[in-house]
Amino acid sequence: MRWSKAFIPTLKETPSDAEVPSHQLMLRAGMIRQLMAGAYTYLPIGYRSLRKIEQIVREEMDKAGALEMFMPAIQPIELFHRTGRKEAFGNVLIDFEITRRDHKVHMALGPTHEEVVTDLMAKHINSYRQLPLTVYQIQTKFRNEERPRFGVLRTSEFLMKDAYSFGASVEDLNAAYDAMYAAYCRIFTRCGLEYIPVEAESGPIGGDASHEFMAPAGNGEDTIVRCGGCGYAANLERAETGRKTPSIATSSDAAAMEQVSTPNAGSIEQVSKMLKLPATQFIKTLIYVADGTPVAVLVRGDHEANEGKIRRALGVTSLELASPQVIEEVTGAPVGFAGPVGIKCRVIADHDIPLISNAVTGANVADAHLTGVNVGRDYQLDTTFDLRDAADADPCPRCEGTLNAVHGIEVGHVFKLGTKYSESLDARFLDESEQRHAIIMGCYGIGVTRVLAALAETRHDENGLNWPITVAPYEVVVAPLNAKDEEVTAAAEKIYAELQAAGVDVILDDRDVRPGFKFKDIELIGIPLRIVVGGRGLKEGVAEVKWRNDAEPQNVPLDTVVAQVANMVQEARQSLNG
RNA sequence: CGGGACGUAGCGCAGCCUGGUAGCGCGCUUGACUGGGGGUCAAGAGGUCGCAGGUUCAAAUCCUGUCGUCCCGACCA
């Protein structure tokens with residue numbers, strides 16, 4: 001490619017609408033432009049990078065035995081009714097009616113394709129002999145995000161690779177899942193993206209039925225915890241902590257319990273400000289209704305209750321926050337003043353609760369709190385549970401290490417679906433003994449556009465982007481410093497042509513602009529390898545070669561520069577592709 | 001859906017409070033010079049001030065409504 005013939009509208013200044021680095025830099029580098037909130041055009045160099053990621057995904061999917069196909073983005077709403085996902089998706093589903101002759105057709109833009117593939121397989125799979133089978137596609141997905149944000153990280157229209165496995169047994173499912181998991185690791189490695197596979201919500205099957213692949217990034221929307229010691233990593237909702245039940249005894253410096261007036265202050269934040277005591281000194285008392293019975297759940301004031309853990313600790317199936325009426329019945333006070341002292345229902349507490357001496361709690365009286373509340377004396381506990389979200393610095397559940405909370409961007413998800421869709425869409429097969437079973441499914445997604453954004457988000461410096469060679473829009477740029485100097489341009493043209501012939505993805509910056517201008521653009525876009533041909537070097541018979549990451553260029557003789565660069569590119573590719 | 005901010009040239013912004021001539025930087029066009037880190041000089045082009053209504057002799061400016069975009073939160077199979 002010749003830069004003079006390319007369409008790379010770089011920006012010197014940062015558009016004010018862009019907040020996060022990936023958005024700012026991709027905009028500035030001329031890779032994307034916004035059409036409206038949550039919808040972006042990929043300009044030529046942005047699309048080149050996107051397609052390179054796509055190709056890596058494709059190669060690894062094929063290698064893992066998945067078969068590529070292509071399903072419609074428009075889907076009949078009826079399929080979503082059958083699986084109950086019209087309601088589950090709610091407003092996220094983009095659906096509409098169109099008129100065809102004399103009748104209306106109600107359809108949706110696919111937010112994903114479980115319904116479509118399962119329907120397809122329902123019609124074509126009859127026998128266990130046709131299984132197992134994994135298919136995939138790379139296609140645009142549509143979701144009406146309530147709040148699109150962070151540029152290309154969260155959009156209403158995005159490119160996704162979605163794969164679906166169909167098996168006759170749990171063994172089939174596990175094999176497909178493991179193959180996908182391994183392929184994902186290779187994909188992200190080849191893309192040069194740092195990633196952490198984490199245990200995620202397990203869904204209907206339980207166990208290790210779901211993993212998310214997270215790219216650690218400060219602006220990531222998800223929080224995960226990870227142990228530096230053993231590598232345990234999990235989604236915040238799912239993460240266990242290594243905390244144990246402490247000794248439950250009244251503190252030796254327990255103060256007298258006192259009731260204080262806290263008019264109209266029902267939240268921890270308000271009371272904390274009023275009493276000038278930190279939230280860590282508070283016991284948060286949440287009233288839930290568990291399988292029809294009210295239960296008080298105690299967590300420390302600065303912690304978040306985890307409903308999944310509470311449900312498991314209680315061994316119940318239904319759990320929801322109690323209504324104001326129930327709360328009044330149990331506490332004798334309006335919402336906001338509940339506490340464990342004298343409460344009229346079962347109480348369960350998080351491990352951290354007995355450790356709070358002289359705690360502040362609601363008084364179970366309107367507009368009043370208690371201070372100096374101590375376990376054993378003022379309220380009783382037999383044992384404690386892990387009832388809250390994991391937090392930074394919690395002990396690891398698997399080893400002696402410590403958990404660290406990190407933000408991450410979800411770039412992939414593998415999920416053991418089971419028979420949820422095959423049951424509702426009647427996708428069944430006959431086994432060896434003519435028994436009919438629902439096909440056992442798995443689904444596996446990669447946000448292709450998100451991988452690109454995550455790379456931009458994590459690989460940049462003050463000068464611009466810094467792409468891994470496998471994803472960069474061009475691997476190498478050849479920059480003649482003076483377009484009017486015939487010797488310089490001739491030398492650059494020669495290098496450019498020979499690199500092309502050597503199979504290197506190269507762009508020639510043949511624009512008639514000053515050197516500094518070229519350097520800035522090249523660094524902003526983040527082309528990994530730069531070859532500079534200038535009058536100065538030419539006199540000595542050398543060109544300058546510099547990696548985007550290097551501080552200083554190295555001089556390479558003109559007659560070997562092509563061979564050397566081709567070699568460097570080859571090695572860089574290999575270090576990622578393996 | 002709750003809270004907040006912003007819409008003025010392609011981009012970044014000033015002007016608005018206190019109504020009267022639409023301005024700056026970058027970018028763009030032409031020419032000359034220049035040629036190793038977004039260069040200099042000169043001459044230019046480019047605007048329904050988001051949109052609609054209202055107040056006024058007069059509205060970018062004041063009032064009302066509306067649309068759009070961004071941020072925080074809720075939500076995210």
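For the numbers below, each heavy atom of this structure counts, side chains included, while hydrogens, waters and symmetry mates do not. Naming: A, B, ... by sequence-line order, numbering from 1 per chain.
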Peer 1: Which whole number of Å gives the distance between the C1' atom of B:U56 and that of B:U18?
Peer 2: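 The same atom, C1', in both gives a distance of 16 Å.
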
Peer 1: Suppose we call a contact any N or O donor and acceptor under 3.5 Å apart; does that hold for the side chain of A:Asp512 and the base of B:G35?
Peer 2: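 Donor-acceptor pair under 3.5 Å: yes.
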
Peer 1: Report the nucleotide, chosen from B:C72, B:C70, B:A77, that has the shortest atom-to-atom distance to any side-chain atom of A:Arg147.
Peer 2: B:C72

Peer 1: Tell me whether the rings of A:Tyr177 and A:His211 are parallel (<30°), tilted (30 to 60°) or perpendicular (>60°).
Peer 2: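 Aromatic pair A:Tyr177/A:His211 classed tilted.
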
Peer 1: Sequence neighbours left out, what passes side chain to side chain contact (heavy atoms under 4.5 Å, CB included) with A:Ile525? Give chain and number order.
Peer 2: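 Listed in chain order: A:Trp3, A:Ile8, A:Thr10, A:Ala29, A:Ile45, A:Pro473, A:Ile527.
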
Peer 1: Tell me every residue that passes salt bridge (charged side-chain N to carboxylate O under 4.0 Å, His left out) with A:Asp172, counting only those two or more places apart in sequence or in another chain.
Peer 2: none

Peer 1: If you compare every side-chain N and O of A:Thr112 against the phosphate oxygens of B:A77 (OP1, OP2), does one of them come in below 4.0 Å?
Peer 2: no

Peer 1: The side chain of A:Arg149 lies closest to which of these nucleotides: B:A74, B:G36, B:G38?
Peer 2: B:A74

Peer 1: Side chains of A:Tyr288 and A:Arg311: donor-acceptor distance under 3.5 Å anywhere?
Peer 2: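 Absent: no donor and acceptor within the cut-off.
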
Peer 1: Find which nucleotide of RNA chain B each of A:Val513 and A:Ala37 is nearest to by heavy atoms, and output the residue with the more 5' nucleotide.
Peer 2: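 Closer to the 5' end of RNA chain B: A:Val513.
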
Peer 1: So, using salt bridge (charged side-chain N to carboxylate O under 4.0 Å, His left out) as the criterion, who are the partners of A:Lys539 when residues are at least two apart?
Peer 2: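 Salt bridge (charged side-chain N to carboxylate O under 4.0 Å, His left out) list for A:Lys539, sorted by chain: empty.
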
Peer 1: Any N or O donor-acceptor pair linking the side chain of A:Asp521 to the base of B:G38 at under 3.5 Å?
Peer 2: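 In this structure, the two groups form a donor-acceptor pair.
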
Peer 1: Could you work out, with ring pair (Phe, Tyr, Trp, His ring centres under 6.0 Å) as the rule, every residue matching A:Phe213, not counting sequence neighbours?
Peer 2: A:Tyr181, A:Tyr184, A:Phe188

Peer 1: Quick one: A:Arg143 CZ to B:A77 P, roughly how many Å, whole number?
Peer 2: 8 Å

Peer 1: Where the side chain of A:Phe150 is defined as all heavy atoms beyond and including C-beta, which of B:C71, B:G36, B:G38 is the nearest nucleotide?
Peer 2: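 Closest nucleotide among those given: B:C71.
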
Peer 1: Which one is paired to B:G2, where only Watson-Crick or G-U wobble pairs with both distances under 3.5 angstrom count?
Peer 2: B:C72

Peer 1: Indicate whether OP1 or OP2 belonging to B:G12 is found under 4.0 Å from a side-chain N or O atom of A:Thr14.
Peer 2: no

Peer 1: Name the closest nucleotide to the A:Asp17 side chain, picking from B:G12, B:C70, B:G35.
Peer 2: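 The nucleotide sitting nearest to the side chain is B:C70.
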
Peer 1: Please report, rounded to the nearest Å, how far the P atom of B:G68 is from the CE atom of A:Met36.
Peer 2: 10 Å

Peer 1: Measuring from the side chain of A:Thr10 (C-beta onward, heavy atoms only), which nucleotide among B:C13, B:G38, B:G36 has the closest atom?
Peer 2: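 When the side chain of A:Thr10 is considered, B:G38 is the closest of B:C13, B:G38, B:G36.
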
Peer 1: Looking only at atom C1', what distance separates B:A5 and B:C41, rounded to whole Å?
Peer 2: 41 Å

Peer 1: Taking only residues two or more places apart in sequence, or in another chain, which ones meet A:Lys520 in a salt bridge (charged side-chain N to carboxylate O under 4.0 Å, His left out)?
Peer 2: none

Peer 1: Which listed nucleotide (B:C72, B:C11, B:C70) is nearest to the side chain of A:Pro15?
Peer 2: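 So the side chain of A:Pro15 is nearest to B:C11.
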
Peer 1: Does a donor on one side chain sit under 3.5 Å from an acceptor on the other, for A:Asn219 and A:Glu457?
Peer 2: yes

Peer 1: My understanding is that a pair needs two contacts under 3.5 Å, Watson-Crick or G-U wobble. By that rule, which nucleotide pairs with B:A58?
Peer 2: none

Peer 1: Between protein and nucleotides 23-28 of chain B, what N or O pairs are separated by less than 3.5 Å?
Peer 2:
| residue | atom | partner | partner atom | Å |
| --- | --- | --- | --- | --- |
| B:G25 | N2 | A:Glu13 | OE1 | 2.7 |

Peer 1: Please name the nucleotide paired to B:A42 by Watson-Crick or G-U wobble geometry with both distances under 3.5 Å, or report none.
Peer 2: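 B:U30 is the nucleotide pairing with B:A42.
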
Peer 1: In whole angstrom, give me the gap between the P atoms of B:C63 and B:G7.
Peer 2: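 Those two atoms are separated by 15 Å.
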
Peer 1: Hey, which sits more toward the 5' end of RNA chain B by its nearest nucleotide, A:Glu146 or A:Lys518?
Peer 2: A:Lys518

Peer 1: Taking the P atom of each, how far is B:G4 from B:U64, in whole Å?
Peer 2: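 Per the computed distance, 15 Å lies between those P atoms.
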
